[in-house]
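Just below is one structure, and these are the notes that go with it.
In what follows, chains are A, B, ... by sequence order, proteins preceding strands, each numbered from 1.
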Amino acid sequence: MSTRLFVEFTGGLEAIFDNQKQTEQHVATESSQTPQEGVSMRTLLRHLGKQIKKPQDVQLMLAGDTVRPGVLVLVNETDWELTGGIDTMLNDGDCVAFVSTLHGG
Amino acid sequence: MSKKRPRGGASCDALAAQLRQLNGATQCDDSAHSTASAGWCGVGLTAEEVARFSRPCLVKSFGPTRQLRLCRSKALVVGVGGLGSPAATYLTTSGVGVLGLCDFDTVDASNLHRQPLYKREDVGQPKVACAVKRLSELVDASALRVHKSEGCDSLETVPGTFSIRTHESGLTRDNARDVVRDYDVVLDCTDNPRTRYLLNDACVLEGKPLVYGASVGMEGQLTVYHHNGGPCLRCIFPEPLDADACDVCSDTGVLGFVPGLIGVMQAQEAIKVLTNFGTTLSGRMLHYDAEDARQFVAKLRGRRPGCASCGDSPTDPSSLDEPTAGKASAVTASCKSAVPSTPADHRWSASRLSTALRHDSRERVVLVDVRTPNQHAMCALPESISIPYETCLADSDALKVASRSLAEAAANAATEASDHGRTLHVVCYCRRGNDSQLAVAALRPILGAHVVDLEGGLNAWRRDVDNTFPLY
């Protein structure tokens, strides 16, 4: 079983995913979850981490098992701090955006 | 205060009172706002202000009361560049009473495409002085007051006048609180994380709402910090990233209309904050992508009680300003970070290269431009080959694949050169002489000892050899 998610990258993060800003991800449900529960943000991050081709690019988005400071994670356009952070459960059709903070003026 | 009321006795007054009740009695309370000498009354706008601002006054939900409030408010624009130039323009034309302009920088030719406040002739001049000149042309000369000030004395808004206050030394650790103190709202139109965090902390300490705008490449972001109990910058992003980890316009580039749009929207949010109008972006962030014409407004977390800046027990502000070195390391933008020092004999000066390129030279030079293809197409040294470091040389796998044929070609070239009594040199160059060193480190193992780089890059070439080479 897998969960279908819409995952967006902005603010330069798309560069680490072949310049794709909007992607569709099919994330395998972990054995500890039932298909109805979907997948966790933690699982999605692991899933995305495996897709980063260049090892030196990993640190541009991830730090340890979470995202690096300066990257805002939005679950259905809401800051993931409000949805449960890394333990947020995602279901079919949910949209997750990784927004790198911009500083230029 | 004289009251110009039709005489007519008690019954007339009673009728008037009845009519007022009917009407909700919101307009023209002449006991409060009539102008002694004028034959008219209103919320307190001058005749000139009515003439200029009748259109916003006519907007049902905005109206003259808010316009008056705007005309008597003080807004500070920090950074008068891509964001600040449109923001300051719209704040001026919209009628803000006092406009502060804070920037230490001078106008550069590369600013002109996105900073329409400045003209070609302004290049090299201080931005703030040029901005004052331009903005002055938008208002009545008789109403204009210009204050040069570095202090924190309070400026009163005077009805019918427009004041510009200049802060030409820019925002520093020492002056930040003093600079923001006198304003009702602050616009962050700066271009680097360090100044942004400094400004955030100063605004929190002085209790000022902060309208944050940013843009790089084709994208822009906008939000309102520290307003109506909402979060501040540090609630969302507790620590500034290393400056090297942030894309900047001078490296990543920017299309002028993106900061243009964001800057205008900053003025709009500032006016909403000042006049308590509509729903601001406090607690929300607008992200705009011009390339795909997409935008979204994300709901942000609230104020964080543990926030080092606006939290319940804030950290000593003097310790907050330290840059967080090494928190995250460099990103995609190229040729800006320091690289390991390259031995002197692996580097050529611009004049050394110039000598080698002369017709009578006994040296054969192959020039390798390691900048991005866009930079190469924009301006390059004649007959240079474009081999972008980021995409071609940084990737050791691709390099390994190509190494045998490269080495062969280099050997052939060296032999051919020596047959003609010349020696071969492969000279890598970039904009500033950083990526070219990385390129030398990548190419030497394959091509051998005749690979060097141009020290100081094209900047040095322009400075020491050819001042007609474009500066960017």
Answer yes when Arg304(B) and Glu81(A) have at least one side-chain N-carboxylate O distance shorter than 4.0 Å, and no when they do not. no

Check step by step if side chain to side chain contact (heavy atoms under 4.5 Å, CB included) holds for Glu291(B) and Lys21(A). CA-CA 11 Å; Glu291(B) 188 169 19; Lys21(A) 290 185 193 168; 2.8 Å; yes

Between [options], which residue shows the highest count of heavy-atom pairs closer than 4.5 Å to chain A?
{"options": "Val258(B), Thr190(B), Thr195(B)", "result": "Thr190(B)"}
{"options": "Gly84(B), Ala298(B), Cys189(B)", "result": "Ala298(B)"}
{"options": "Gly79(B), Gly263(B), Ser215(B), Pro259(B)", "result": "Ser215(B)"}

Counting only heavy atoms from other residues, nucleotides and ligands, does the tally under 6.0 Å from CZ of Phe6(A) exceed 12?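 Enclosed: over 12 neighbouring heavy atoms sit under 6.0 Å from CZ of Phe6(A).
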
Rounded to the nearest 0.5 Å, what's the gap from [atom1] on [X] to [atom2] on [Y]? Could you check?
{"X": "Thr83(A)", "Y": "Arg301(B)", "atom1": "OG1", "atom2": "CZ", "answer": "10.0 Å"}
{"X": "Leu74(A)", "Y": "Phe296(B)", "atom1": "CG", "atom2": "CZ", "answer": "5.5 Å"}
{"X": "Thr101(A)", "Y": "Ile236(B)", "atom1": "OG1", "atom2": "CD1", "answer": "10.0 Å"}
{"X": "Leu102(A)", "Y": "Ile262(B)", "atom1": "CG", "atom2": "CD1", "answer": "8.5 Å"}

Contact part of Met285(B) toward chain A, heavy-atom cut-off under 4.5 Å: side chain, backbone, both or neither?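 Just the side chain, heavy atoms under 4.5 Å.
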
So which part of Val297(B) gets closer than 4.5 Å to some heavy atom of chain A, the side chain, the backbone, both or neither? backbone

Is the ring pair Tyr212(B)/His103(A) parallel, tilted or perpendicular, if the boundaries are 30 and 60 degrees? perpendicular

So, do Leu300(B) and Thr78(A) sit near enough that their side-chain heavy atoms are less than 4.5 Å apart?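 Answer no - side chains too far apart.
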
Apply the test side chain to side chain contact (heavy atoms under 4.5 Å, CB included) to residues Glu219(B) and Thr10(A): give CA-CA distance (whole Å), side-chain angles for both, the deciding distance (0.1 Å), then the verdict. CA-CA 8 Å; Glu219(B) 291 173 299; Thr10(A) 73; 3.3 Å; yes

Glu8(A) and Arg294(B): CA distance, side-chain angles, deciding distance, side chain to side chain contact (heavy atoms under 4.5 Å, CB included) verdict: CA-CA 12 Å; Glu8(A) 294 189 38; Arg294(B) 282 166 52 85; 2.9 Å; yes

Looking at Ile16(A), Val99(A), Leu82(A), which makes the most heavy-atom pairs under 4.5 Å with chain B?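 Greatest number of close heavy-atom pairs with chain B: Leu82(A).
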
Residues two or more places apart in sequence or in another chain: which of them pass side chain to side chain contact (heavy atoms under 4.5 Å, CB included) with Tyr90(B)? Thr93(B), Val264(B), Ala267(B)

Given a strict heavy-atom distance threshold of 4.5 Å, which part of Ser100(A) is in contact with chain B: side chain, backbone, both, or neither?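 The backbone, not the side chain.
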
